[in-house]
Colleague: 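Here it is: the structure, laid out below.
Here is how names work: the chains are called A, B, and so on, in the same order as the sequence lines, proteins then strands, and each is numbered from 1. Values below: every heavy atom of this structure, side chains too, minus hydrogens, waters and symmetry copies.
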There are 2 protein chains.
Amino acid sequence: MSLRHALLALLDAGAMTGYELAKQFDVSVAYLWHAPHSQIYPELRRMEADGLIEAEALPRGERGTKRAYSLTVAGAAELMRWVAETETSPPVRDPAYLKATYYEYGSFDQARRQFREHRDHHRAIMEHWQRHIARLQRRDTPLLQKRLSLAPAAAHEAIVAYKVHAYEGLVERARAEVAWAERGLSLIDRLEHNSAVPPDAPATLPQVLTGGTE
Amino acid sequence: MSLRHALLALLDAGAMTGYELAKQFDVSVAYLWHAPHSQIYPELRRMEADGLIEAEALPRGERGTKRAYSLTVAGAAELMRWVAETETSPPVRDPAYLKATYYEYGSFDQARRQFREHRDHHRAIMEHWQRHIARLQRRDTPLLQKRLSLAPAAAHEAIVAYKVHAYEGLVERARAEVAWAERGLSLIDRLEHNSAVPPDAPATLPQVLTGGTE
DNA sequence: TTACTCATGTAAGTAGTTACATGATTCC
DNA sequence: GGAATCATGTAACTACTTACATGAGTAA
């Protein structure tokens with residue numbers, strides 16, 4: 001249930017509406033924890049019901065109201081409890097690697113296309129994270145500044161360092177994915193070179209299709 | 001919906017019962033795609049309803065029956081369609097990295113404990129994968145042997161190479177996780193050295209807890 | 001006879017996805 | 001007047017988790 005804790009952490013930087021929280025998920029937390037607004041609004045209601053946050057109704061325009069949420073003491077305690085608790089790794093479930101295990105049912109060209117997309121995707125998010133790290137080190141994201149302004153000066157180094165360390169880990173991970181995809185592309189070149197199979201034909205077919213029945 | 005495709009791929013190696021499929025998830029596919037039997041049985045029923053697999057009722061003991069599933073032509077086609085289709089990366093959702101971003105709400109000791117567990121976990125699964133790679137290279141897992149016996153000799157190299165490549169990628173990934181955790185441990189040593197905060201006290205508290213209101 | 005493995009499920013709940021829906025405000 | 005953005009939801013669905021449940025066969 002990390003969505004809940006991501007929201008608690010965001011709210012410690014200051015009261016926010018559901019909309020603003022959803023925005024933060026798109027900019028700062030994005031690529032680290034994804035959540036659409038359709039998941040955020042009901043979760044905020046549940047958290048309010050559980051006493052972890054409280055809402056203040058603010059006017060918007062002439063008629064409308066918006067609800068700004070802030071942490072309660074119970075919410076702050078829950079945040080600290082979560083941070084202290086050791087995280088058990090979720091079970092592995094990786095669609096790209098699973099599929100890569102069965103590329104023999106596809107052609108060289110198809111496998112190549114997938115490795116290229118994998119490489120490009122991870123390159124792109126790696127650059128995103130690197131830019132984020134640079135901003136964190138310059139301490140110039142709005143959220144980080146708010147957080148630092150509320151924390152004792154003695155804690156500033158740790159606050160920044162933990163975030164930089166996490167994003168650096170993600171960059172390393174993305175780098176590993178890019179390298180994996182590139183090794184995959186070389187592998188295909190090698191296999192293709194040793195093979196009489198044309199580049200657009202599968203290496204093998206599922207058993208039921210080889211009987212020549214129909 | 002990769003569970004479905006993992007099952008299709010397993011069934012191409014030969015007809016299996018739900019129980020045997022669940023076992024395969026625990027040995028060969030495990031640590032690559034996790035699925036409990038409570039998810040497998042109903043999925044098999046749905047796949048049968050969709051015409052991707054068909055069941056043969058076999059006697060077991062005096063009274064009971066078991067159902068051995070095998071691929072239909074439609075199932076084989078679906079397997080090939082899935083392999084050809086490019087996989088879009090699932091949105092990032094990593095509880096360990098998310099939490100690592102907020103370690104300032106915990107003590108040095110707590111952060112250290114988490115990095116140690118992270119390192120130990122990934123070391124363990126790395127060794128598991130490495131053993132699996134060795135078995136694949138020796139071509140001595142039952143599933144691989146069955147698969148090779150059904151495929152043309154020209155495809156054998158690719159079948160083994162794709163699997164080895166996928167598991168090698170997972171090993172590299174685990175290695176990156178271990179390195180990340182170890183850098184995390186050094187970071188904590190460094191922060192602790194520069195800090196007056198005792199090792200069992202949080203670096204900072206959520207805002208609502210600092211007012212002195214209790 | 002006890003324990004283990006084989007074998008197959010259900011049921012209740014949580015988390016996340018995708019799509020639909022509505023209306024206000026602000027800027028051009 | 002129209003488009004973008006602010007703002008807040010619901011509804012239906014799929015995927016996955018955790019726990020409960022049952023019974024048969026087999027080897028010590």
Colleague: So, does B:K23 get its side chain near the phosphate of C:dT5, meaning an N or O under 4.0 Å from OP1 or OP2?
Modeller: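 No, outside the criterion.
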Colleague: Nearest-Å distance, CG (B:L3) to C1' (D:dT17)?
Modeller: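 Distance check: B:L3 CG to D:dT17 C1' gives 14 Å.
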Colleague: For A:H118 and B:E87, which I'm curious about, is there any donor-acceptor pair between the side chains at under 3.5 Å?
Modeller: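 No - no donor-acceptor pair under 3.5 Å links their side chains.
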Colleague: Rounded to the nearest Å, what distance is computed from the CD atom of residue B:Q24 to the P atom of nucleotide C:dA7?
Modeller: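 Checked: the CD to P distance equals 13 Å.
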Colleague: Mind listing the closest non-hydrogen atom pair of A:A13 and A:L143 along with its distance?
Modeller: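 For A:A13 and A:L143, the tightest heavy-atom pair comes out as CB-CD1, 3.9 Å.
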Colleague: For a quick test of reading the model: is some side-chain N or O of B:R93 closer than 4.0 Å to OP1 or OP2 of C:dT17?
Modeller: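 Yes, B:R93 has a side-chain N/O under 4.0 Å of OP1/OP2 on C:dT17.
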Colleague: For the residue pair B:F115 and A:H165, establish whether any side-chain heavy-atom pair is separated by less than 4.5 Å.
Modeller: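 Sidechains of A:H165 and B:F115: in contact.
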Colleague: Taking atom types as modelled and ignoring hydrogens, do the side chains of A:Y97 and A:E177 form a donor-acceptor contact shorter than 3.5 angstrom?
Modeller: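 Present: a donor and an acceptor within the cut-off.
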Colleague: To the nearest Å, give me how far apart CZ (B:F25) and C1' (D:dA15) are.
Modeller: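 So the CZ-C1' distance, B:F25 to D:dA15, works out to 13 Å.
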Colleague: Expressed in angstrom and rounded to an integer, what is the separation of A:R67 atom CZ from D:dC6 atom C1'?
Modeller: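 Checked: the CZ to C1' distance equals 17 Å.
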Colleague: Picking from C:dT17, D:dC6, C:dA7, which would you name as closest to the side chain of B:K66?
Modeller: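 So the nucleotide nearest the side chain must be C:dA7.
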Colleague: Is there a side-chain contact between B:Y102 and A:H5, using heavy atoms and a 4.5 Å cut-off?
Modeller: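 No. Closest side-chain heavy atoms not under 4.5 Å.
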Colleague: Going by heavy atoms closer than 4.0 Å, what residues in residues 36-47 of chain A are next to DNA chain D?
Modeller: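 The answer is A:H37, A:S38, A:Y41, A:R45.
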Colleague: Would you mind reading off the distance between B:Y19 atom OH and C:dT5 atom P, rounded to a whole angstrom?
Modeller: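 Computing the B:Y19:OH to C:dT5:P distance gives 8 Å.
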Colleague: What's the CD-P distance between A:E20 and D:dA7, to the nearest Å?
Modeller: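 For the pair A:E20 CD and D:dA7 P, the rounded distance is 6 Å.
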Colleague: With a 4.5 Å limit on heavy-atom distance, are the side chains of A:Y19 and A:H37 in contact?
Modeller: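 With C-beta onward as the side chain, the pair stays apart.
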